[in-house]
Amino acid sequence: MRFELNGQEVEVDAHPMRRLLDVLRVECGLTGTKEGCGEGECGACTVLVDGEPVCSCLVPFAQAGGTSVVTIEGLGGKHPLQRAFGDHGGAQCGICTPGMILAAVALGPNPTLEQVRVGLAGNLCRCTGYEAIYRSVLGAYEAVDDRRPAAEAPAVGGGSKADGGAAFGTGADGGRSDVAGAGRSRSNGSGADAGAGSAGKAGL
Amino acid sequence: MKTALGDLELRQPRTLDEALAMLRDDGPLLPLAGCTDVYVQLEFGVMPARRFMDVSRLRELRGIERMDGGGLRIGAGATYTEIVRAPLVAQRLPMLVAASREVGGVQIQNRGTLGGNVANASPAGDSLPVLAAADAVVVLRSAADGERRVPFTAFHTGYRASVLRPDELIVAFEIPPVEGEQWFRKVGTRAAQAISKVVFAGVKGGPRPRIAIGSVAPTVVRAFRTEEALASGASIEEAQQVFGEEIRPIDDIRSTAEYRRRVAANLLRRWWVGQ
Amino acid sequence: MPQPAVAADDPSPSIPPTPAVGRSVPRKDAAEKVSGEAKYVDDLTLPGMLWGRTVRSTVPRARIKAVRLCFDTAGFTVVDHTDIPGRNVVALIEEDQPFLAAGEVRHIAEPILLLAHEDRDTLMAAKVEIDYEILPPVLDMLASTEALKRLSIDKGDLEAGFAEADLVLEGEYRTGSQEHVYIETNGMIAVPEPDGGITLMGSLQCPYYVHKAIKPLMDLPGDRVRIVQAETGGGFGGKEEYPSLIAGHAALLARKSGRPVKIVYDRGEDMWATTKRHPAIVRHRTGVTRDGRLTAMEVDVVMDGGAYVTLSPVVLSRGCIHAAGAYRCDHVRITGRAMRTDTPPNGAFRGFGAPQTLFAVEAHMDRIAEALGMDPVELRERNALRPGDTTATGQEMQEDCAALDVLREAVERTDFHRKREEYRGTGRGIGLSLFFHGSGFTGSGEVRLASRAALEATETGVRILVGSSEIGQGTRTMHAQIVADAMGLPYEQVETALPDTAKVPDSGPTVASRTCMVVGKILQNCAAEMISRLGGLTPMEYARRHGPLVVSQDYVPPGDVKWDDDTYKGEAYAHYGWGCNVAEVEIDPDTFEARCTAFTAVEDVGKAIHPVLVRGQIEGGSAQGIGWALNERVVLVEGAMANATLTNYTIPTTLDTPPMDIVIMERPGKHGPHGAKGVGEMPIDGPAPAVVNAIRHAGLDVREIPATPEVLMAAAPSEEAACASS
């Protein structure tokens, strides 16, 4: 079956029900995608399929046919987010890091803190308490020379999740602004462009 | 994954007709789309089915559109992300947007489908109370009988059981215009990526109040008697009493019957009285 | 990070390198981790490798009557206890735990049989039936009559202390089990060597613990057993002792099959079978004067040790030593017991007993304040340990005792008193906790460990040789900083060897907040020794002229640290870190969900060698503590975890974790490098009591964790109408 993997057209032979996660790790030899739970809960196996983050442990290989898949290897090690996760302590044990970075890639450049919190809610980290991950994602797109020593940065404040139930009006526009505020802005770049020389794609 | 791959089979029809023919001639086949439930069961080795049919690429199941008369038609294959992004749903059924946002993380929302949530028939399905409260109609299709329409409230017949026949697919949900203010509240095991301990959808301010609640009985409960009580001017305490009779919560690894019962009553009050 | 550009062979003596300590230099392991190149055990594949699987008991206590293999055994390797060449015991503190059950099982999930096959699906599909003669299990620690360890700590005259009191307050506090949820599950690869030896690579914290356990199992001398740490995706104590068991299993399968064998647990098996935090019940009886002075503290600690001794005696010990909290009191009695139950053994988990007892004493302190009508800050101010005071074991506090400093800083920066007033009656609450945590092994533990570290001069700089593991906390980076400064070398010229027992000395386990303070200090001594041996040359020059130079140093016990294991008197730890946490909560009156909305941690670590790493420890430990306080409930059925999935055991997500305000305080200790004390564990001591005290402030009397909505509901005034059922 043919699909695009990190910008390259590839042909892989595997059982159609084999998990995309296993195909990537075993058949394709890309072990940067990690398995944390096998039940779509931890997000460690997150990859981008046609630009959208998905848990590769829940994707039958057959459904990857004809899509464009981006794994951590596809970012080439030089993505601003990769650098920032190193600098700001976003990576500790490192096992959630590839999935976390790919989920953050999908947020596009310069997300708000609330967008980051919502966008990464499907990625569990047990080391950081997430604060250093927020600093990494928010700090990734700052100009390189403008980087301050991470340790001195003030603690990140955070919005809080409304808990009172959501009420909606019945007017024609009711709820529309709510959708806009959902914070699910996407990467401009498609997965197809990830890989070497994709500097023009800010999102990837 | 605890399930051995060698035993598994996946069919990939290209059209809805092909899919329905497969179900008729070559069943049983368990339809799968986003796989967010199927693969969890495969992982744990508890999935009874061995033969599957991929419906994720059937264009006939996609799409969210306006119906004549102001209703909304949502394809069974619509993902939560598509629902969240659809202005039409935000306008007409904002409580479904709210429910979709609370299903798993972004990765699950990108894959999971409304049809899958309904077909999975878990009483904790987050979208189910919304569809129940909205008087949705489930559109089913088979090669033998063509389309039939089942009121959502009659679709589920018991714990993980429904009227869906093995040769049928859920193709869409039709939602008539909802008059009144919609309200949704999920009480989960944590703030994100949670399974519902109680999940409540309500509509008030229209011709009559509508209430549906999940995780408190073998199926989602449309609380008709409570609605009736409120419509006929019962006090909130009286309504809570009736509501308590309409639900049958149990203890499980996520919560207790007592908690579910009390929270259900409290949510009814919060929704109806406010604060 | 700017670094002087210095040629490796010519560090100009006139421009000393910028000191690395105190700066957040780039992590040594960052590039590999962010690129996905880092190799964890499941990323490694060897030619001819088989997959291994563990068949476990499904009953808590039974005699095994028959084991039937209901599959075609062709291509399978099958191992039971009779295949063990050496002794069937996991060598740790006691030798009571078998690698494979021999005739009897004592807890659910106990390993009975091992299978290996080259095809994983075939392996997983193999069915094994076991007949049991069921025996009645003991599942409740209070019903158990078998103590794995008992101890008591006595100070002063308890009855005299109670006689001085105006008020005596009692209370019982319970803490639940907790699962580590390192995101990388446990795994190990065993490789049979041509000389009959065995090499093990895996996810682990303590290569020499594994080494110690494998030698008697395989009946091999130390030089034929080689343990190599693969990149490790989190540990938190969960990979302290349990990897020895998995390593033994993999080794047995590899020996019998003659091929490499990989065992990697799936999440369900990892949660169901491996260790958890000890559940504890702590009872307090405290005498206090009307003006808030503690006159007597009587504390009784019970922990559930599980089926085998494992580390329970030392977990109990640390728990008891911390049980009187960061307070001075002349008359103290602490008794503790770890009880044996027919449940999977509980084990090391960040904090190692102290979080349980500190939860109890800190929740109790707020109840005392309430009973006295006193501000909880004032009560703590009154009693907090100060330099010159003594702890329950009689240890005199030194100048670095920072209890009051952390308390005052936390109270001031959170505007605690204003919020305390403002939140009253609003469904919001604010609470705090004051705590301390001893760094390094308890009592004479470090002397007995006799750790060793080494440094090697190479043609590119120096290489650190320690068995201390990188599990995410930053060991490689922090050690390199200490050595770079001690050698006067740029940080980039210091590298760390992979923990491999064939190549590095035993620097002790990577546990107990000791890797910086204890091992870092030995490395400093190594550097001094190396400089004296280099004869004025740089390490690079020396290596080129004379070949490699390796110097090693042993742990030197501080002269003024005295401990008596029999009486539990003396210097329990060389140093303590000090912390104060403030938590704010909001409680939903309808759903009883308590959400932590803000969290402040002021923690003294002596010296922050790497501020970003230190902050990472504090934030991560705090989140783990908040999870334990509110969300993380291990549901036990027949003593085994019934919710062993990440869906149903709910650790905090981004949306559950509050914004955190972190203050790192530095009150240097005498013994650690640059004054550094421990940091790894302390951050999990304070969050749970701070959260529960905030819940108390919001009006709910909760004395157990996790404080789930169900627990809060039980503490809330009942509403008959709302509760009415048909």
Side-chain angles (χ1 to χ4, degrees), chain B residues 1-8 40 43-46 102 104-106 108 124 185-195 197-198 200 235-249 251-271 275, chain C residues 53 119-126 266-269 427 588-597 626-627 630-637 641-658 706 708-714 716 718-726:
Chain B
M1 197 164 86
K2 284 199 173 65
T3 310
L5 274 181
D7 303 343
L8 306 183
V40 173
E43 163 70 16
F44 296 145
V46 296
E102 293 204 42
V106 173
I108 300 301
R185 176 71 157 90
K186 168 174 171 174
V187 181
T189 47
R190 62 181 159 197
Q193 294 233 74
I195 306 283
K197 298 198 286 194
V198 178
F200 182 106
S235 71
I236 185 63
E237 289 76 17
E238 287 162 344
Q240 283 175 319
Q241 177 79 38
V242 175
F243 198 38
E245 291 163 7
E246 287 193 283
I247 61 177
R248 282 181 291 145
D251 289 350
D252 64 12
I253 57 169
R254 298 184 192 118
S255 190
T256 62
E258 189 193 351
Y259 177 82
R260 291 179 161 116
R261 189 170 283 288
R262 188 154 163 193
V263 168
N266 287 350
L267 290 181
L268 183 73
R269 173 163 26 78
R270 183 187 286 189
W271 163 72
Q275 226 19 265
Chain C
R53 180 186 141 198
D119 179 60
R120 204 174 186 180
D121 274 359
T122 308
L123 177 71
M124 297 310 288
D266 65 20
R267 179 61 63 182
E269 181 174 18
D588 186 307
D590 294 321
T591 66
F592 310 101
E593 294 164 293
R595 197 160 53 85
C596 186
T597 54
I626 293 166
L630 291 174
N631 266 356
E632 297 183 29
R633 188 168 71 104
V634 176
V635 180
L636 294 171
V637 174
M641 186 172 188
N643 56 336
T645 66
L646 289 190
T647 305
N648 289 324
Y649 182 78
T650 46
I651 68 168
T653 69
T654 51
L655 299 181
D656 296 280
T657 311
T708 59
E710 289 78 6
V711 168
L712 264 59
M713 182 181 79
S718 74
E719 293 169 43
E720 290 310 317
C723 281
S725 60
S726 53

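- For the salt bridge (Lys or Arg N to Asp or Glu O under 4.0 Å) test with Glu593(C), the passing option among Arg185(B), Lys186(B), Lys197(B) is Arg185(B); the others fail.
- To the nearest 0.5 Å, atom CZ of residue Arg270(B) and atom CG of residue Asp590(C) are 4.0 Å apart.
- Contact of Ile651(C) with chain B is made through backbone and side chain together, with heavy-atom distances under 4.5 Å.
- Checked by atom type and distance alone, the side chain of Tyr259(B) pairs as donor or acceptor with a backbone atom of Thr591(C) at under 3.5 Å.
- In this view, Asp121(C) and Ala4(B), Leu5(B), Asp119(C) satisfy the side-chain contact (heavy atoms from CB on, under 4.5 Å) rule, not counting sequence neighbours.
- With respect to chain B, the highest number of heavy-atom pairs below 4.5 Å among Thr653(C), Asp656(C), Leu646(C) belongs to Asp656(C).
- The side-chain contact (heavy atoms from CB on, under 4.5 Å) test with Arg190(B) singles out one residue from Thr650(C), Leu630(C), Leu655(C), and that residue is Thr650(C).
- Smallest separation of non-hydrogen atoms from Val635(C) and Ile253(B): CG2-O, 3.6 Å.
- Only the side chain of Asn648(C) comes within less than 4.5 Å of a heavy atom in chain B; its backbone stays farther off.
- Taking CG of Leu267(B) as the reference point, atom CG of Asp588(C) lies at 8.0 Å (rounded to 0.5 Å).
- Per-residue heavy-atom pair counts under 4.5 Å with chain B were compared for Asp266(C), Thr708(C), Val637(C), and the maximum is reached by Asp266(C).
- Only the side chain of Glu43(B) has a heavy atom closer than 4.5 Å to any heavy atom of chain C.
- Note: Met713(C) CE to Arg261(B) CZ = 11.0 Å, rounded to the nearest 0.5 Å.
- By the side-chain contact (heavy atoms from CB on, under 4.5 Å) test, Ala125(C) pairs with no residue at all, sequence neighbours left out.
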Practice prompt. Apply side chain to side chain contact (heavy atoms under 4.5 Å, CB included) to Thr645(C) and Phe44(B), showing your working.
Written response: CA-CA 10 Å; Thr645(C) 66; Phe44(B) 296 145; 3.6 Å; yes
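- In this structure, the portion of Arg633(C) lying under 4.5 Å from any heavy atom of chain B is its side chain and not its backbone.
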